[in-house]
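To start, the structure itself, in structure tokens.
Count residues from 1 along the sequence. Just so you know, ligand 1 is whichever comes first in the structure, and atom 1 is the first atom listed for that ligand. Worth saying up front: this structure is predicted, and the values here are computed from it rather than measured.
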Amino acid sequence: MADYNAIQDALVSCDKERLISLVKGEIEANTPAPEILNKGLIPGMDIVGEKMENGDMFIPEVLMAAQSMGECVEILKPLLGEEDMASGGNVIIGTVKGDLHDIGKNLVAMMMESAGMTVHNLGVDIAPDQFVSQIKEKNAQVVCLSALLTTTMPMMKQTVDAIVEAGVRDQVKIMVGGAPVTQAFSDEIGADGFAPDAGSASRLAKELVS
Ligand code: B1M
């Protein structure tokens with residue numbers, strides 16, 4: 001029986017060595033990688049978020065937890081998602097300007113890669129004109145915008161507007177996601193789709209390019 005509480009405890013207490021050893025132990029015990037992620041690491045990060053909100057954890061600790069989670073995601077990466085190289089798709093993804101959160105965005109990128117798409121991960125704090133130039137340079141079919149802060153959601157609208165103004169709106173599908181983002185917000189800003197998590201983002205991107 002997988003011990004997801006132990007994984008969550010190790011993540012919340014920033015005990016990276018223990019966390020990595022627990023994750024590796026679950027892999028050896030044949031616990032499916034998506035379960036380790038979805039039942040252990042992601043709920044653990046939600047606890048970190050609550051503690052951050054309540055003032056029980058501070059930025060340096062949250063950063064340590066995030067780095068530990070990132071290392072675990074790298075360990076799980078080869079075991080996540082199915083290879084389906086035939087489906088293709090050329091995607092660019094980035095976190096919008098002003099926002100430095102990248103764990104969820106990297107998970108989305110990873111799921112899309114493992115579903116056979118070519119993913120150009122631009123990183124964090126990406127300005128609207130950078131998205132526009134990358135759409136042109138990479139001849140992207142889909143652009144994915146991530147935002148984790150309510151204060152950076154308006155930057156998604158500014159990015160959509162910049163894509164329209166640059167005259168490339170017709171050649172690219174725009175997807176949005178991140179914890180505060182909703183389908184209603186996606187509709188409001190003129191995006192083509194919203195995905196609540198990495199798995200559905202990957203499926204939606206495939207649908208949009210098919
Ligand atoms: Co920040 N932070 N943070 N933080 N942080 C949140 C988001 C917050 C909710 C915490 C809280 O107060 N409860 C809060 C936002 C409040 C709000 O806006 N309503 C917050 C705040 C306030 C801040 C700062 C302002 C704090 C400060 O400085 N006072 C600051 C802002 C910095 C900045 O960006 N300019 C800040 C900083 C940081 C750290 C740097 C310390 C660190 C980020 C490290 C990193 O990413 N490398 C951090 C972290 C780790 C968090 C929490 C704890 C965890 C985020 C995370 O990685 N979740 C977060 C609380 C929380 O979310 N529970 C919080 C796990 C990840 C797998 O989920 O990112 O939601 P998520 O991604 C999901 C989906 O949303 C979706 O798929 C992913 C996988 O299933 N998805 C997409 C994401 N992007 C997508 C794109 C798509 C589709 C789906 O494209 C189509």
Proximity to ligand 1 by part of [X], non-hydrogen separation under 4.0 Å:
X    : answer
L145 : backbone
A65  : neither
L107 : side chain
V108 : side chain
I93  : neither
A66  : side chain

Flag the pair [X] / [Y] as yes when at least one side-chain heavy-atom distance between them is below 4.5 Å, and no otherwise.
X    : Y    : value
I20  : E71  : yes
I92  : L122 : yes
L76  : I36  : yes
E17  : D15  : yes
M117 : N90  : no
I42  : L107 : yes
V172 : Q141 : no

Residue [X] vicinity, atoms of ligand 1 by number, heavy atom under 4.0 Å:
X    : result
A179 : 70 (O), 75 (O)
M175 : 91 (C)
V176 : 90 (O), 91 (C)
C144 : 90 (O), 91 (C)
D99  : 34 (O)
M45  : 54 (C), 56 (C), 58 (N), 63 (N), 65 (C)
G178 : 75 (O), 81 (N), 82 (C), 83 (C), 84 (N), 85 (C)
A195 : 88 (C), 89 (C)

Look up [atom] and tell me if a protein heavy atom lies less than 4.0 Å from it?
atom                    : value
atom 59 (C) of ligand 1 : no
atom 40 (C) of ligand 1 : yes
atom 21 (C) of ligand 1 : yes
atom 50 (C) of ligand 1 : yes

When you group the ILVMFWY residues by side-chain heavy-atom contacts below 4.5 Å and let the links chain together, are [Y] and [X] in the same group?
X    : Y    : answer
L204 : V143 : no
L148 : M45  : no
V142 : I189 : no

Contact between ligand 1 and A205 is defined here as a heavy atom of the residue under 4.0 Å from a ligand atom; is it met? no

Can you tell me if K138 has over 12 outside heavy atoms packed within less than 6.0 Å of its NZ? yes

Indicate yes or no: does an N/O atom of [X] lie under 3.5 Å from an N/O atom of ligand 1?
X    : value
H101 : yes
E50  : no
M69  : no
D197 : no
G98  : yes

Tell me: protein heavy atom nearest [atom], and distance?
atom                    : result
atom 16 (C) of ligand 1 : L149 CD2, 4.6 Å
atom 76 (C) of ligand 1 : P196 O, 3.6 Å
atom 47 (N) of ligand 1 : D102 OD1, 2.7 Å

If we count only N and O atoms by modelled type, under 3.5 Å, do the side chains of E26 and Y4 hold a donor and an acceptor together? no

Would you please test H120 and I93 for side chain to side chain contact (heavy atoms under 4.5 Å, CB included) and show each step? CA-CA 6 Å; H120 308 279; I93 185 167; over 6 Å; no

